[in-house]
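Chain naming here is simple, since letters A, B, ... match the order of the sequence lines and numbering starts at 1 in each. Nothing here was measured: the structure is a model prediction, and the numbers come from that model.
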Number of protein chains: 2
Amino acid sequence: MFGRTTTRGFKQNHFYRRFHARYQEESRGKHNYYKYAYIAGASTAGLLSFQTIKTVKLDHAKTDEKLLNDSKKFPLYNQDEVKKHGKSAERIWVTYKDGVYDVTDFISMHPGGDKILLAAGAAVDPFWALYSQHKTDEVLEILEGYRIGRLDVKDVPKAEPDAFSNDPERHPALIVRNAKPFNAESPPSLIGDHFFTPNELFFVRNHLPVPDIKTEDHRLTIETRNGKTIDLSVEELKKGYKSYTIGSVIQCAGNRRADMHQYKKVQGLMWEGTAISNAEWTGVRLRDLLKKAGIDVFDENIKHVHFEGADIDPTGTPYGASIPIEKARGDEVIVAYHMNGVDIPRDHGAPLRVIVPGNVGARQVKWLRKIIVSEKESDSHWQQKDYRAFSPAVNHGDELNWQSVPSIQEYPVQCAICTPAPNIEVDRDDGTVTISGYAWSGGGRGIIRIEISVDEGKTWQSCELQQDEKQDVEHMYSWTLFTAEVPIPADVKKFNIIAKAVDRAYNTQPETASGIWNIRGLIHNAWHRVPVMVKD
Amino acid sequence: MFGRTTTRGFKQNHFYRRFHARYQEESRGKHNYYKYAYIAGASTAGLLSFQTIKTVKLDHAKTDEKLLNDSKKFPLYNQDEVKKHGKSAERIWVTYKDGVYDVTDFISMHPGGDKILLAAGAAVDPFWALYSQHKTDEVLEILEGYRIGRLDVKDVPKAEPDAFSNDPERHPALIVRNAKPFNAESPPSLIGDHFFTPNELFFVRNHLPVPDIKTEDHRLTIETRNGKTIDLSVEELKKGYKSYTIGSVIQCAGNRRADMHQYKKVQGLMWEGTAISNAEWTGVRLRDLLKKAGIDVFDENIKHVHFEGADIDPTGTPYGASIPIEKARGDEVIVAYHMNGVDIPRDHGAPLRVIVPGNVGARQVKWLRKIIVSEKESDSHWQQKDYRAFSPAVNHGDELNWQSVPSIQEYPVQCAICTPAPNIEVDRDDGTVTISGYAWSGGGRGIIRIEISVDEGKTWQSCELQQDEKQDVEHMYSWTLFTAEVPIPADVKKFNIIAKAVDRAYNTQPETASGIWNIRGLIHNAWHRVPVMVKD
């Protein structure tokens, strides 16, 4: 749709590639990438999330102020002129503060897909107000590369009120990866203490500000293919249907992204290993709700069930996702109102959240307000242009063909060590180190084994497993916690503890990120390695 | 049950370990293991299959004749005395030809599990008549280590007639790995020519002699939990139920075992990479048959569906296996009578075979004559004591706790290169090499990508895929064939072509056998590497 053959396009692309190459050169062979670089932008649901790298040594970094001075030489435009360059125009313009930018040639490289077009012919400011990670020197610098003008001061957007000011209070032990929207990991040292993660320590992955819904006012609407709808209050839902309780993990598709980034640069929020938690959810079967709405769950024209949340982006679009009908009609999928026996907290979807055991977190829509059956997948950005893992053959700067890969649904087998933390020092006289961690696989495939190696995979030791007493190996949606006591290897100053798991279908994990690396850093499930120092 | 603490037990164990260590020493670091060693015994369904290694250099190999002379010094027993050492006795004896052996201390090490006890207090001769791979110098040598006496000549079994003399004719292109029972691979160079493997080139994995069934005489019996049965002729089955056709792979759990053996010694038939084929099967839904028999497939007391074949071992026990009810009631499971549009050939189960798309071959019972619903898994040897992959922490000589791992059902993601063959020489002037192969995953999880690397996984190239036009990524039971044109890397005399696949749940393959190695060499699905020589 948008070629990259114009002079401008070439120049920007060239700039981008040079920047990228420099980053790679600086980082190559070093294991302490974090001292030099981290990815600040490009949230998984990023709007206009320019691909950015912050390096401390960056000699061509420019301050906001300097950019402003440089910009004086550009021509002046007003809002009406900008508006002519909307999403159907030949050249796409956006504004940010008083800058006017032609982003036509950036669109195909935008990690968030063509959602960038939502701001076409207008200001990105209200979007960036929701995605604060854009506001870095590096995003600004890349944006400046596309500058074509200045915006008339009368048209510059006023500062937006903080859309996140009504977000709930959070537990201080959560490890915050992004404040607005709020994204935080469970503290790894506490994972082993609770088979079901306490609600206040459950990891949080929000795409937008947290809705503030009064339970008594909330309605859940179910739309049939014939346009018929039924709607239910939370009370009606609780009283009208049989309740089920199921232990089920929620894991972000970006869990362990920081680990993949160490193999090779990726884009997105730098989750370490605990963007995953396990809870007991109570609610009613989705199948029962669909039946009540007069929907035949074996109707061959129904292929997908869509979910809409009450969290809404600046264009008024709610968060949305869908799952295949085969999954939706299963025993395990519920519309939940309780999390670990109490009302679901605001951060986790109060008052209703769909729980899709065995699938990725992104499909388990929070603040659920609408269910729709359809022949097609959800059209939502998060279904079509995000949460899809590309081939390692697709590199940064390549055009992204989102339809070339399917939306992530079931998760592959995952395993990570939670304790000890990386780079602790152990005393050789102790003889052994105690390991703990978790494993989980999608599709209800139970974990059948977890093994530990301290000699880079030459030999293995089995672990003690803790599993959900109510589940069996064919229907295991809770995680498996594990412990092991491993010997400190002789004659080394340093060694890696490696953990890996096997699921019911004998799926295993790859040894490194080599074959699974993808530009978005999704679904990293290589063997987890924790380096340990030995004090003799 | 049987300790290993007696002097005799210790001695044998010691002998075994020494033998094993020697083998490892000879093979270590060499890539041409096959010049020095291969495993001759220990078929996947081996009865009394002693764990054996044949090495050309073996200086302590003894001939049958020499063993016979040595045996003269042992005391004489008759059959009645041997009979007292049956399976309930403190010490377990068996006879072979005129030898009497106390195998008590071998039982826990027997790769075929305690099925060895079927011959307790009696002769192994009729079993070995069916498992000709036992008849090697090395098996005999190990057996001699357990000798305690000579059998009275009047009690020595007469030579058995060849139970395999009525096996069908086979296509000469099949690559025979074992003649009796017949086990043969599809020719890899022909895989890419046929999306559905022609029946005569479809790989064959038989456990026993091939039954010779007249279609008009065959009856299929279905047993309910209440003991009620119905039975059907093949004609009644064809006429009485709706027919379905499905493309579906059958793969042996031992496919690519030879490749795992190169990593570290394993037991079993040395399948290379084409103990797998794909066909279109036509038959009736298992669910429809169960319903007709008055079985409620959602009855919570029914957990498994068992299948019995007409192939029978020397004790009269038929081949048997089971699958979970959730699978059995699915759309895709059929009792098939056609294979690629014609009557199923004898080697593939004539007249009826159950097809369990997405599961391992061992559950897709041939010569199907009985279906039973049950609360439990099948008790059969092949369900309980075979086709289970142990942890890499379990080593040769360890006691085998079969209940510690579940029976294999769904297969993990698999991928192999079929052409070029290993170690071909390519001309640098050609610039590229053309690759072809297959990928497949269990559970209907379609293959979403296949990538090739010629630089040990540093970079990857996507392949062209050929898939079943009637199937989608959520319901893909046929395999995916692939091709790619890959550049010959600069400045090398030799390189590996590596292929690997990703399935619908984003499951991937491990890089090497390090984390998946298991003593039986089951489910090897590490990256497939094909070495290629370059002629400059």
Does any non-hydrogen side-chain atom of [Y] lie less than 4.5 Å from one of [X]?
X         : Y         : answer
Asn518(A) : Ser391(A) : no
Val249(B) : Ile276(B) : yes
Arg520(A) : Val266(A) : no
Thr512(A) : Trp527(A) : no
Gln466(B) : Thr480(B) : no

By a 4.5 Å heavy-atom criterion (distance strictly below it), what part of [X] contacts chain A: side chain, backbone, both, or neither?
X         : answer
Ile498(B) : neither
Phe390(B) : backbone
Glu451(B) : side chain
Pro324(B) : side chain
Trp517(B) : neither
Glu511(B) : both
Thr459(B) : neither

Pairs of heavy atoms under 4.5 Å with chain A: top-ranked of [options]:
options                                    : answer
Ala393(B), Gly515(B), Ser453(B)            : Gly515(B)
Glu474(B), Gln509(B), Glu326(B), Glu456(B) : Glu326(B)
Ala389(B), Ala526(B), Gly442(B), Gly443(B) : Ala389(B)

Revision key, fill the gap. Whatever's closer than 4.5 Å to a heavy atom in chain B on Tyr411(A) counts as backbone
Check your understanding: So which part of Gln409(A) gets closer than 4.5 Å to some heavy atom of chain B, the side chain, the backbone, both or neither?
Key ->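 Both parts, backbone and side chain.
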Top of [options] for chain B proximity - count of heavy-atom pairs under 4.5 angstrom:
options                                    : answer
Glu410(A), Lys500(A), Arg504(A)            : Arg504(A)
Ile408(A), Asn359(A), Val394(A)            : Ile408(A)
Arg449(A), His475(A), Lys458(A)            : Arg449(A)
Pro406(A), Ser404(A), Gly446(A), Ser462(A) : Pro406(A)

If the threshold is 4.0 Å, N to carboxylate O, is there a salt bridge linking [X] and [Y]?
X         : Y         : answer
Arg287(B) : Asp331(B) : yes
Glu377(B) : Arg388(B) : yes
Asp259(B) : Arg256(B) : yes

Check your understanding: Only one of Gln251(A), His524(A), His528(A) clears side-chain hydrogen bond (donor to acceptor under 3.5 Å, both in side chains) with Gln414(A); which?
Key ->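 Going through Gln251(A), His524(A), His528(A) one by one, the side-chain hydrogen bond (donor to acceptor under 3.5 Å, both in side chains) with Gln414(A) is satisfied by Gln251(A) alone.
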Point to revise | Glu464(B) atom CD, over 12 foreign heavy atoms within 6.0 Å | key: no
